[in-house]
Amino acid sequence: MNKVKVVVAGPRGRMGIEALHLMKNTENFELVGAIDRVNEGKKISDVEGLPAIDAPIYTDIHTCLTETKPDVLVDLTTPEIGRLHTKTALSYGVRAVVGTTGFSEEDLTELKEMAEEKGIGCIIAPNFAIGAILMMKFSQMAARYFSDVEIIELHHDRKLDAPSGTGIKTAELISKVREPKKQGHPEEKEIIEGARGAEFDGIHLHSVRLPGLIAHQEVLFGRDGESLKIRHDSYNRASFMSGVELCVNTVMNIDSLVYGLENIIE
Ligand SMILES: NC(=O)C1=CN([C@@H]2O[C@H](COP(=O)(O)OP(=O)(O)OC[C@H]3O[C@@H](n4cnc5c(N)ncnc54)[C@H](OP(=O)(O)O)[C@@H]3O)[C@@H](O)[C@H]2O)C=CC1
Ligand SMILES: O=C(O)C1=N[C@H](C(=O)O)C[C@H](O)C1
């Protein structure tokens, strides 16, 4: 069996550690390296808390990609560094699976062009959890009947970006089918700035950050005399790993950029 050779960026992070375990435990994946901003020259197994994998750690992505020659880079870092890693990987002809959130529309356009130019796959997935994908799909379905909707995303307080990638993706999917409208009272005023949350195409998005939370989202719909609430909860980061596995396998067989797992899971 030809194994898919993978490099993971962000191996000490909350998602990165889970991804290392996934690589170790999945028969057709071979972890050939990791990109970390510390631990240059060490093996993954030398770092306390990381699984027993002999693959080397690099601080420099260029050296890593040149020496390990991976098929796929899995990026689980921060918006700034993830953007740089993804562009670099594509420029080397390495496919990318990106879980990192916080990319702008311009970033997505640029990466799409790069992937097309190189004729290789790139998957940018704001959420890898199957339940979250269904939550987004169900919300899009409901928005055909309920044009009044508010999104509340709730995350742990170590999260850098707001709104979450999932919140933005949900608003994008809803806005494709929702009858355009400005919600709330036409003369509504914010007494404290931000009270009505962020707005995407007239859809209000609220971000909650609390210790103890992992990743949660509620999509609230209302119409005369009734309401509908669609909620998803990730209680651990293992919930994202079947999506990572699917993406690493899928990215090997596509030749352009896919933004969102809803385009892969029918
Ligand atoms: N798509 C999905 O389903 C999911 C996506 N995410 C996203 O994944 C990303 C990672 O999340 P999470 O694991 O919780 O975050 P963590 O903060 O736990 O991990 C981020 C990792 O990136 C590393 N990093 C930060 N800056 C740099 C840099 N300049 N160079 C190299 N490495 C760097 C950090 O290293 P250091 O410790 O040195 O700072 C850390 O190991 C986020 O964007 C998050 O939104 C999260 C969960 C699910
Ligand atoms: O930072 C997180 O934790 C998560 N980030 C992603 C997002 O921004 O939507 C996915 C998930 O919600 C967890």
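Just follow the structure's listing: the first ligand is 1, and inside any ligand the first atom is 1. Computed from a predicted structure; not experimentally measured.
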Q: Which value, rounded to the nearest 0.5 Å, describes the distance between I203 atom CD1 and S175 atom OG?
A: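 Answer rounded to 0.5 Å: 5.0 Å.
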Q: Mind checking what makes ring pair (Phe, Tyr, Trp, His ring centres under 6.0 Å) contact with F200, not counting sequence neighbours?
A: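 F200 satisfies ring pair (Phe, Tyr, Trp, His ring centres under 6.0 Å) with no residue once adjacent residues are dropped.
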Q: A side-chain contact here means heavy atoms from C-beta on lying under 4.5 Å apart; do T101 and K159 qualify?
A: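 Side chain of T101 against side chain of K159, heavy atoms only: contact under 4.5 Å found.
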Q: Who's touching ligand 2 if we go heavy atoms under 4.0 Å?
A: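 Heavy-atom contacts below 4.0 Å: T101, P126, N127, H155, H156, K159, D161, S164, G165, T166, A215, F240.
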Q: Is R12 salt-bridged to D36, going by a charged N under 4.0 Å from an acidic O?
A: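 Result for this pair is yes, salt bridge flagged.
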Q: Donor-acceptor check, side chain of S207 to backbone of E153, threshold 3.5 angstrom: yes or no?
A: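 No; judged by distance alone, with no hydrogens or angles, the pair does not exist.
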Q: Tell me, please, which residues at least two apart from Y92 pass ring pair (Phe, Tyr, Trp, His ring centres under 6.0 Å).
A: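 Testing Y92 for ring pair (Phe, Tyr, Trp, His ring centres under 6.0 Å), a comparison that skips the adjacent residues, returns H62.
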Q: May I ask you to say whether K5 pairs ionically with D71, meaning some side-chain N is under 4.0 Å from a carboxylate O?
A: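 D71 and K5: not salt-bridged.
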Q: Hey, which residues fall under 4.0 Å of ligand 1 on heavy atoms?
A: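 Lining ligand 1: G10, R12, G13, R14, M15, R37, L76, T77, T78, I81, G99, T100, T101, A125, P126, N127, F128, K159, D161, F240.
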Q: Between S239 and N236 (side chain of the first, backbone of the second, donor and acceptor by atom type, cut-off under 3.5 Å), is there such a pair?
A: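 Yes, because the side chain of S239 sits within donor-acceptor range (under 3.5 Å) of the backbone of N236.
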Q: Verify whether one side chain among E40 and Y58 offers a donor that lies under 3.5 Å from an acceptor in the other.
A: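 Their side chains do not contain a donor-acceptor pair, so the 3.5 Å distance test is not met.
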